[in-house]
**Student:** 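Below you'll find the structure I mean.
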2 protein chains.
Amino acid sequence: MARLSFREQMLRVREDAIVDSVNRLLAEKGFDLMTVDEVAADVGIAKASLYKHFASKEDLAAAAMIRALDRALAQLERLRASQPQPSPLELLKAVARWSMQVQLAGEMPSLPSQNSSLRTSLLHNAAYLHRLTQVSDQLGEWILAAQSDGSLDTALPPELILFTLYARACDPVLTVLKAGGQHSDEQIVEWLLRTCFQGLMTTPAKS
Amino acid sequence: MARLSFREQMLRVREDAIVDSVNRLLAEKGFDLMTVDEVAADVGIAKASLYKHFASKEDLAAAAMIRALDRALAQLERLRASQPQPSPLELLKAVARWSMQVQLAGEMPSLPSQNSSLRTSLLHNAAYLHRLTQVSDQLGEWILAAQSDGSLDTALPPELILFTLYARACDPVLTVLKAGGQHSDEQIVEWLLRTCFQGLMTTPAKS
DNA sequence: GTCTATATCAAGATAGAC
DNA sequence: GTCTATCTTGATATAGAC
């Protein structure tokens, strides 16, 4: 990686501030309800200036999604390197806990589950898809390992488990409970981890 | 209920057709991406005619949501009257199964979890709120009963269980798995019921 | 109540000066 | 690269004739 000139560093910092705002607004209101005017106002620059950095609203959102995936990848790497090495199930729980914490902090840019211009644009974004594949590959590896060692149910297809983990990372139950204001973030996360991995039913005592 | 004139019956039928279209489009694309033009085209009447029946797009969606809740209430009533009376846990599972089936059939009008004009308008809609309360009351009753008889985890607050059931009724995992086209609807529903109530982990054998 | 045609407005994107 | 001012589009909603 070549050294950056002062000018390039300024550019980098400015764009980072933009992506910060987009990330937060995306987490708050979602892609459809977020307006480019809001982003510009939030960053404190004119809308036209935004468009000098990013060609479209979709590109803006894609940048935020890519950075979120980069952070996820960094987190996966930290977990993979942790000593003593946790079991596959513990690794997956740790990932789920981390993503829930990110969401509670209002920093999880959730893409709309329904079809939107964002989804189609992301499906043509190589940088995004590459990172998404990397995350899925690592999780898939742990899922298979957890099924092999008997901790995750082998009756469930691995892809179902993968999709479920993705879905729980932006579970609306988190938001609703936090909005209720009755419980601490930590308590909410532990409950949702419990329902994700053990379900709603009473856990039978292990024999 | 007074007898309806022929004219009034025609009106009723027409409005029912409109709500049908709205319901389907709402399930397909969600509120924000559904346009009134689409609804009009789908019903086969002019947009201005739509606005003679419903004052706004929000009212249109509210009508669909209200009808969906009415169907849920009817389903709850059927379950409540079923003989022999199932256990509370079985009743809750039956509700979850039913709502998942409705969603897979493309007939579940999901409201956006994020704040939108629809959410705020629904919060001021007495007819909607009344039905939502009725549904929640019935489910809440069963949840408490299931916790009392030891089948649902008493460590979880009843409201968390209620929210979770609502969330699973429009779980994106359902849509994604169905889109994959690898599995039958029945199989998908059974898997998701399993993950909802027992979680992802291997179920320990009961002693 | 239904239609065609139109008003209105919000939001994505751009022109052109500096 | 940043700004102000403007273009353009698409979508909600309405006017007014029949």
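On a predicted model such as this, the values are computed, not experimentally measured, just so you know. Here is how names work: the chains are called A, B, and so on, in the same order as the sequence lines, proteins then strands, and each is numbered from 1.
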**Student:** Considering heavy-atom distances to DNA chain D, does Phe31(B) or Lys52(A) have its closest nucleotide positioned more toward the 5' end?
**Tutor:**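 On the 5' side of the pair lies Lys52(A).
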**Student:** Within this structure, what is the OH-to-C1' distance between Tyr51(B) and dA5(C), rounded to whole angstrom?
**Tutor:**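 Distance check: Tyr51(B) OH to dA5(C) C1' gives 16 Å.
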**Student:** For the side chain of Glu90(A) and the backbone of Ser87(A), is there at least one donor-acceptor N/O pair under 3.5 Å apart?
**Tutor:**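 Side chain of Glu90(A) to backbone of Ser87(A), a donor-acceptor pair under 3.5 Å: yes, one is there.
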**Student:** In whole angstrom, give the distance that lies between atom NZ of Lys47(A) and atom P of dA15(C).
**Tutor:**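 Whole-Å distance recorded here is 14 Å.
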**Student:** May I ask you to check whether Arg194(B) and Thr203(B) show a side-chain donor-acceptor distance below 3.5 Å?
**Tutor:**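 Indeed, the side chains of Arg194(B) and Thr203(B) share at least one donor-acceptor pair under 3.5 Å.
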**Student:** Which whole-number value in Å describes the distance from Arg7(B) CZ to dG1(C) C1'?
**Tutor:**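 Those two atoms, CZ and C1', are 9 Å apart.
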**Student:** Roughly, in whole Å, what's the span from CG in Asp37(B) to C1' in dG10(D)?
**Tutor:**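 For the pair Asp37(B) CG and dG10(D) C1', the rounded distance is 9 Å.
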**Student:** Tell me which of Gly44(B) and Ala48(A) sits closer to the 5' end of DNA chain C, going by the nucleotide each one is nearest to.
**Tutor:**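 Between the two, 5'-proximity favours Gly44(B).
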**Student:** Do you know the tightest heavy-atom contact between Met108(A) and Gln103(A)?
**Tutor:**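 Nearest pair, atom of Met108(A) first, then Gln103(A): CB-CA, 3.7 Å.
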**Student:** In whole angstroms, how far is the P atom of dA11(D) from the CG atom of Leu33(A)?
**Tutor:**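 Distance check: Leu33(A) CG to dA11(D) P gives 15 Å.
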**Student:** Can you confirm whether Asp32(B) sits close enough to Ser116(B) that some side-chain heavy atom of one is under 4.5 Å from a side-chain heavy atom of the other?
**Tutor:**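 Yes, side chains in contact.
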**Student:** Between dT12(D), dT4(C), dC3(D), spot the one nearest the side chain of Ile45(A), thanks.
**Tutor:**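 Closest of the options to the side chain of Ile45(A): dC3(D).
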**Student:** Would you mind reading off the distance between His53(B) atom NE2 and dG1(C) atom C1', rounded to a whole angstrom?
**Tutor:**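 So the NE2-C1' distance, His53(B) to dG1(C), works out to 7 Å.
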**Student:** Run Arg12(B) and Gln9(B) through side-chain hydrogen bond (donor to acceptor under 3.5 Å, both in side chains) and show every step you take.
**Tutor:** CA-CA 5 Å; Arg12(B) 182 74 59 101; Gln9(B) 285 186 43; over 6 Å; no
**Student:** Quickly work out the Met34(A) CE to dA10(C) P distance and round it to whole Å.
**Tutor:**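 Atom-to-atom, Met34(A) to dA10(C), this comes out as 19 Å.
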**Student:** Verify side-chain hydrogen bond (donor to acceptor under 3.5 Å, both in side chains) between Glu58(B) and His124(B), making sure each step is shown before the conclusion.
**Tutor:** CA-CA 11 Å; Glu58(B) 279 78 17; His124(B) 294 83; over 6 Å; no
**Student:** Would you work out how much the helix from dG1(C)-dC18(D) to dC18(C)-dG1(D) bends between its ends, with each end axis defined by five base pairs, to 10 degrees?
**Tutor:**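 The helix from dG1(C)-dC18(D) to dC18(C)-dG1(D) shows an end-to-end axis angle of 20°.
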**Student:** Using whole Å, what does the distance between atom P of nucleotide dA11(C) and atom CG of Leu118(A) come to?
**Tutor:**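 Value for this atom pair: 18 Å.
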**Student:** Is the phosphate of dC3(D), meaning OP1 or OP2, less than 4.0 Å from a side-chain N or O of Ser49(A)?
**Tutor:**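 Yes, Ser49(A) has a side-chain N/O under 4.0 Å of OP1/OP2 on dC3(D).
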**Student:** Using the side-chain contact (heavy atoms from CB on, under 4.5 Å) rule, take Asp16(A) and Arg67(A) through it: C-alpha gap first, then chi angles, then the decisive distance, then the call.
**Tutor:** CA-CA 10 Å; Asp16(A) 215 56; Arg67(A) 206 185 55 179; 3.7 Å; yes
**Student:** Looking at DNA chain C, which of residues 57-64 of chain A put a heavy atom within less than 4.0 Å of it?
**Tutor:**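 Output list: Lys57(A).
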